[in-house]
Number of protein chains: 2
Amino acid sequence: MPKKRTLPYILLGLINSNHQLSGYQIMQEFKNEISDFWTASHSQIYPELQRMTDDGWLTPVTLSSNSDSKRNPIYYQLTTTGQAVLHDWLAEPLTTASAELFPLKLFFLDQPDSPLLKPLLQQQLQLSTERLEYLKGRQQIVFPTDAEVQAHYGHYLTLTRGIQRERNYVSWLTELLNNLTEN
Amino acid sequence: MPKKRTLPYILLGLINSNHQLSGYQIMQEFKNEISDFWTASHSQIYPELQRMTDDGWLTPVTLSSNSDSKRNPIYYQLTTTGQAVLHDWLAEPLTTASAELFPLKLFFLDQPDSPLLKPLLQQQLQLSTERLEYLKGRQQIVFPTDAEVQAHYGHYLTLTRGIQRERNYVSWLTELLNNLTEN
DNA sequence: CGATGCATGTAATAAGTTACATGATTCC
DNA sequence: GGAATCATGTAACTTATTACATGCATCG
């Protein structure tokens, strides 16, 4: 089977969170907000918006406020189908293979009381905990004594950094989940 | 100009750190050690090793210990040219655009007293500090009041998480640099 | 009036993934 | 003897980047 594409879902998520967006505005979102998690160039975005419109996920809307200006961008909104597709994608459980989608999916959950929020955080906590255990195991195996540390110091540093990063992630997720459950 | 490729330098770095490696062993390294920073499939690795050999960066070595076994992988070592190419790549300063290369480059610095270590950490500290300031500025602009937080809660969470992650990174780098300077 | 930003699109090229293909070895 | 792992390679396809291309608007 072909690899699951992510770009269309990101476009759905971005447009949904902002009610309507133009291709150019989507470019700005990529640059300003989600450059840490994903990148896309305008030559990817514009044809993709076309395809998604053809597939009935999006519909172009002409904003009446556009008076007479020659400059008027094409704004897109989600169709009912598009909304359903986005929701299904957001609800798909995270796996080890799809773990990099976590920040994206979280980004698109607008409501603090979304029923998708808690499971998403729990899934990521599970994956991060597993990852942390894996890294700690690796440290034991690859760097049993100081000799190995001295011979591959950079590797050692990236591994210890990875462990700290994952610990920090687990802390954040745990605290956030505690706050959610309290209310 | 075409985009700078990274895969060849990773192969150089991996082989260099292990003195010699086969394509299969490189696959294992990708899977076990650097999957957080980079991925590559065997269909990328094998032709790349060929190209690099043709370019004079690598040389295949036949390990004499291979007795009579029919199973013998092709091990590669760096040529003098390959060593120079790797060193030049490692010494290239990090920029905002190439920041994702930091963990890779760090990974390949085997000696704790490598003259490349301190500048690399300093460059990353600079980039992380800038990134942290950018994220904090974004938080001010995008989420001035609680109303915006409530309307885009997921976005808010990813932003606060990004700030924490970057802070944690800065702490780690600062502490490490302090330890290095002490000795 | 020139630079930057807004706004959209296509074409050529490069890179990466999946599938196809083969064969030996080792462990159970 | 069957499954998993070792070991390498190519072909077909998908995805992404860079370059090419155009034109208006705004600011200084």
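Sequence lines set the chain letters: A, B, ... in the order given, protein chains first and strands last, and positions in each chain run from 1. The structure displayed is predicted, hence computed values, not measured ones. Any value given below was found using the heavy atoms of this structure, including those in side chains, with hydrogens, waters and symmetry copies removed.
- Residue-level contact check: A:Leu7 touches neither bases nor backbone, having no heavy atom under 4.0 Å from any strand.
- Within the 3.5 Å criterion, the main-chain N or O of B:Leu157 finds a donor-acceptor partner in the side chain of B:Thr160.
- Across the protein-nucleic acid pair, A:Glu29 atom CD and C:dA7 atom C1' stand 16 Å apart, rounded to whole Å.
- Contact annotation: A:Arg5 reaches the phosphate of D:dT15 (side-chain N/O to OP1 or OP2, under 4.0 Å).
- One can place CG of B:Leu21 at 14 Å from C1' of D:dA7, the figure rounded to the nearest angstrom.
- Under the 6.0 Å cut-off for aromatic ring centres, A:His155 and B:Phe108 do not qualify, their centroids lying 6.0 Å or more apart.
- Of the candidates D:dA19, D:dT17, D:dA16, the closest approach to any side-chain atom of A:His42 belongs to D:dA19.
- B:Asn168 places no side-chain N or O within donor-acceptor distance of the main-chain N or O of B:Gln164, the cut-off being under 3.5 Å.
- Here C:dC6 presents its P atom at 14 Å from CD1 of A:Ile45, a figure rounded to the nearest Å.
- In this entry the distance linking CD of B:Glu48 with P of C:dG16 reads 9 Å, nearest Å.
- Nearest-nucleotide mapping onto DNA chain D: of B:Gln28 and B:Pro47, the residue sitting toward the 5' end is B:Gln28.
- Under 3.5 Å, the side chain of B:Ser22 and the base of D:dT8 form no donor-acceptor pair of N or O atoms.
- In terms of phosphate contacts, A:Tyr24 brings a side-chain nitrogen or oxygen within less than 4.0 Å of OP1 or OP2 of C:dC6.
- Distances shown here put every side-chain N or O of B:Ser43 at or beyond 4.0 Å from the OP1 or OP2 atom of C:dA15.
- Counting non-hydrogen atoms of neighbouring residues, nucleotides and ligands closer than 6.0 angstrom, the CZ atom of A:Phe30 exceeds 12 such neighbours.
- The nearest whole Å value for the distance from the OH atom in A:Tyr75 to the P atom in C:dC6 is 12 Å.
- With DNA chain D read from its 5' end, the first of the two nearest nucleotides for A:Thr39 and B:Gly23 is the one closest to B:Gly23.
- B:Gln44 has no side-chain polar atom (N or O) that falls below the 4.0 Å cut-off from OP1 or OP2 of C:dA15.
- Rounded to an integer number of Å, the gap from B:Asn32 CG to D:dT5 P is 12 Å.
- For A:Tyr46 and C:dA11, the OH to C1' distance is 17 Å, given to the nearest whole Å.
- Geometrically, A:Arg161 engages B:Tyr169 in a cation-pi contact, judged by NZ or CZ lying under 6.0 Å from the ring centre and within 45° of the ring axis.
- A straight line from CG of A:Leu11 to P of D:dT15 spans 14 Å, rounded to a whole angstrom.
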